[in-house]
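See structure below.
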Protein chains: 2
Amino acid sequence: MAKREKISMSVIRRLPRYYRFLGLLESHGIVRISSKDLAARMGVNASQIRQDFNCFGEFGQQGYGYMVSRLRETTGEILGLHNAYKAVVVGAGNLGRAITSHISFERHGFFLAGIFDNSPQKIGTFIHDVPVFDVAELEAFCKREKPVMAAICVPLSAAGRIADTLYSCGVRSFWNFTHYDIAMEYSDAIVENVHLNDSLMTLCYRISNPEQKASL
Amino acid sequence: MAKREKISMSVIRRLPRYYRFLGLLESHGIVRISSKDLAARMGVNASQIRQDFNCFGEFGQQGYGYMVSRLRETTGEILGLHNAYKAVVVGAGNLGRAITSHISFERHGFFLAGIFDNSPQKIGTFIHDVPVFDVAELEAFCKREKPVMAAICVPLSAAGRIADTLYSCGVRSFWNFTHYDIAMEYSDAIVENVHLNDSLMTLCYRISNPEQKASL
DNA sequence: TAGATTGTTAATCGATTAACAATC
DNA sequence: TAGATTGTTAATCGATTAACAATC
């Protein structure tokens, strides 16, 4: 991890896919790989792969290629997956429960400290060993535990209030599943939006206009 | 809906957000709006808004602006939201149940005809009035009902088999929540991927490298 | 050494933003 | 009419791809 000037989001959003493919190669017992070979497997351009990794340093060997396991480890370090940022999930509906397993099971940089909901049936239960608390306790919990990240899985009508509470307690990064525009409201927040409706509408467009091809 | 040459995915992925904001304006009783005003509210560039809509025709009036409700309707038509493409959801876990409501409740271009799972507890039940069938019946169902789109919410280990089955029955568009690479496997398929892990890792990167700012 | 493949610069391509004439 | 704002062309900016010298 050497250079590090100003990495574009385009590059960053490709890193998780590299990480995944490198893990797959490793599990297949492949020890080294050239950018050309990796590009062919991933359906991308070899120049792009070399450019992308060179944003962070020199990880290859001329005439030889890249060591799969070292490149995978490095990619994980660049992404920061060795961290255990304290996180909370707000909203324990189907979506909240679904993403709970993403945050807590996989080793993806986070540690899930609590889930918050307003349903008496859910409060006091556990989801993947993580306790579900009353959302009324969210503020006290955040002031005490200082989570770094919050996943927002509540109805739109509640999103603004929840975001305000979290922000006022010092939470500055959000995994946002609502259409509430946290990034516009708090310009210093780091917001990763997952807009399922937008994705579904995009799919609808592409079905309705099949001349388009491009994917990702 | 006039021109229509070759619209870039960048433009298309912005349409759902326009649609949402226009709906919001309409519900606030705002009748007309200029690209400048809309741009300020959305945090984007006014030129971009005019360029984007002009891909599809001329919807404004010089010196005046755009009629909110007409522009919203038009955007919905462009996206194809008036359709009711027959769809199935495969996998009735938390994620499958969460997206079921997105497909069936909202008027977003699809009609959800069935949900498939392998759990005896779930087979025979209903989720938002949509029946849950045995995944063993998926092939017969698809041959009979000819769904256009399938949402894939199964574990990675099952994804390849499910995709093969669906493709062989004629399904060519997929809302894919797994990391199985349908688009690489079937080059004529329309695939909209939702990679929650990738999104989470990107968030982890941005928390670990706070010098970066850009969002969306 | 010869062959292969990186790291990196240069060329191309596409997307965003600015400018302005057309026109309501 | 004058002022405002579109539709559209031109300029800028950034991202992708190609080329190739460095070097293992």
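Proteins get letters first, then strands, A, B, ... in listed order; numbering begins at 1 in each. Here the structure is a predicted model, which means the values were calculated and not measured.
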Near-ring test B:Phe141/B:Phe116, centroid separation under 6.0 angstrom: yes
Nucleotide C:dT5, atom C1' - distance to CZ of A:Phe59 in whole Å: 17 Å
Answer with base, sugar-phosphate or nothing: what part of the nucleic acid does A:Phe53 contact at a heavy-atom distance below 4.0 Å? nothing
Sub-4.5 Å side-chain heavy-atom contact between B:Ile30 and B:Arg41: yes
Would you state whether a donor and an acceptor, one from the side chain of B:Gln62 and one from the base of D:dT5, lie under 3.5 Å apart? no
What is the nucleic acid contact for A:Arg14, judged by heavy atoms within less than 4.0 Å: base, sugar-phosphate only, or nothing? sugar-phosphate
State whether B:Ser35 places a side-chain N or O below 4.0 Å from either non-bridging phosphate oxygen (OP1 or OP2) of D:dT5. no
Identify, between A:Val44 and A:Gly63, the residue whose nearest nucleotide on DNA chain D lies closer to the 5' end. A:Val44
Nucleotide opposite D:dA18 in a Watson-Crick or G-U pair, distances under 3.5 Å: C:dT9
Looking at C:dT16, I'd like to know if its phosphate oxygens (OP1 or OP2) sit under 4.0 Å from a side-chain N or O belonging to B:Gln48. yes
For A:Tyr64 and A:Gln51, take the nucleotide of DNA chain C holding the closest heavy atom to each; which residue's nucleotide lies nearer the 5' end? A:Tyr64
Would you say D:dA18 has OP1 or OP2 under 4.0 Å from some side-chain N or O of A:Asn45? yes
Counting the benzene-type ring for Trp, do A:Phe53 and A:Tyr18 have ring centres under 6.0 Å apart? yes
Distance-only donor-acceptor test (3.5 Å): side chain B:Ser47, base C:dA18: yes
According to a strict under-4.0 Å criterion, is B:Arg50 in side-chain N/O contact with OP1 or OP2 of D:dT6? yes
Among side-chain atoms of B:Tyr186 and B:Asp164, is any donor-acceptor pair under 3.5 angstrom? yes
Closest heavy-atom contact between A:Glu192 and B:Ser199? CG-OG, 3.2 Å
Identify the nucleotide, in any strand shown, that forms a Watson-Crick or G-U wobble pair with C:dC24, with both distances under 3.5 Å; if there is none, say none. D:dG3
Any side-chain N or O of A:Tyr66 below 4.0 angstrom from OP1/OP2 of C:dA4? no
